[in-house]
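Presented below is the structure to which this report refers.
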Amino acid sequence: MDSASTPGFRVTERAAAEIAAIAAREGRPGAGLRVSVSAGGCSGLQYGFALDDKPEDDDLVVEVAGTRVYVDSVSLDFLGGAVLDWHDSLMGSHFKVSNPQAVSGCGCGTSFAVA
């Protein structure tokens, strides 16, 4: 799996390419993807994804092939060692977080629990 690495969080080139494509379709070339973790979902915590034009002061910024991903410091506590990838199949396409801190998750893949 090709990826660029920043301590604690990685983004694959496949995910970076999809972020750039989404931003272009939305008329926001150069926008990055904000990855966040919040309370909710069927497992207790859930991932959030949104386009964002610039990082906040406390964000970790991961840049891959000219595309940026922003993760705030609170979310990064739950994403240490995680990898963001793009999954494309006949059943649907989506961002997938492979998170070693998650001890359980739900069927939809956007909700998880930690120990």
Side-chain angles (χ1 to χ4, degrees):
M1 179 184 318
D2 292 340
S3 65
S5 181
T6 297
F9 189 75
R10 294 185 302 150
V11 178
T12 67
E13 290 183 11
R14 186 172 39 220
E18 189 59 32
I19 294 164
I22 291 169
R25 280 195 305 269
E26 294 290 321
R28 295 173 66 185
L33 182 72
R34 177 163 299 284
V35 178
S36 60
V37 174
S38 60
C42 53
S43 295
L45 296 169
Q46 61 189 359
Y47 299 113
F49 305 99
L51 288 179
D52 203 338
D53 294 314
K54 61 185 172 76
E56 297 296 328
D57 291 338
D58 72 335
D59 285 347
L60 168 70
V61 179
V62 179
E63 189 165 335
V64 178
T67 300
R68 293 187 203 154
V69 174
Y70 311 124
V71 182
D72 65 89
S73 60
V74 173
S75 296
L76 190 58
D77 287 343
F78 296 103
L79 293 170
V83 177
L84 176 68
D85 197 8
W86 178 253
H87 184 70
D88 195 7
S89 73
L90 291 175
M91 297 299 291
S93 303
H94 61 278
F95 287 106
K96 179 180 180 182
V97 178
S98 296
N99 188 344
Q101 293 190 52
V103 295
S104 65
C106 64
C108 67
T110 61
S111 180
F112 67 103
V114 294

query = Backbone N or O of V37 within a donor-acceptor pair of the S75 side chain at under 3.5 Å?
reply = yes

Considering all heavy atoms, the nearest R68-V61 contact = CD-CG1, 3.8 Å

query = How many angstroms lie between atom OG1 of T12 and atom NE2 of H87, to the nearest 0.5 angstrom?
reply = 12.5 Å

Student check: side-chain heavy atoms of Y70 and V35 closer than 4.5 Å = no

note = Rounding to 0.5 Å, atoms CD (Q46) and OG (S36) come to a distance of 8.5 Å

message = Suppose we screen for side chain to side chain donor-acceptor pair (under 3.5 Å). Which residues come up paired with D58, at least two apart in sequence or across chains?
response = S73

ask   = Between V97 and A82, what is the shortest heavy-atom contact and its length?
value = CG1-CB, 4.0 Å

task = Could you grab the distance from atom CG of L79 to atom CG of L60, nearest 0.5 Å is fine?
result = 9.5 Å

request  = Rounded to the nearest 0.5 Å, what's the gap from CD1 on I19 to CG on L33? Could you check?
outcome  = 4.5 Å

task = Go through the steps for V69 and F95 under the test side chain to side chain contact (heavy atoms under 4.5 Å, CB included), then give the verdict.
result = CA-CA 12 Å; V69 174; F95 287 106; over 6 Å; no

Between CD1 on residue I22 and CH2 on residue W86, distance to nearest 0.5 Å = 5.0 Å

request  = Measure the shortest side-chain to side-chain distance between F9 and L84 over non-hydrogen atoms and say whether it is less than 4.5 angstrom.
outcome  = yes

query = Considering residues at least two apart in sequence or located in another chain, which fulfil the side-chain contact (heavy atoms from CB on, under 4.5 Å) criterion with A23?
reply = A31, L51

message = Could you work out, with salt bridge (Lys or Arg N to Asp or Glu O under 4.0 Å) as the rule, every residue matching D77, not counting sequence neighbours?
response = none

remark   = With sequence neighbours left out, the residues meeting salt bridge (Lys or Arg N to Asp or Glu O under 4.0 Å) with D72 are none

query = Which heavy atom of S98 sits nearest a heavy atom of P100, and at what distance?
reply = O-CD, 3.7 Å

ask   = Is a side-chain N or O of R34 found less than 3.5 angstrom from the main chain of A50, in a donor-acceptor match?
value = no

request  = Nearest 0.5 Å please: distance from the CZ atom of R14 over to the CG atom of D88.
outcome  = 9.0 Å

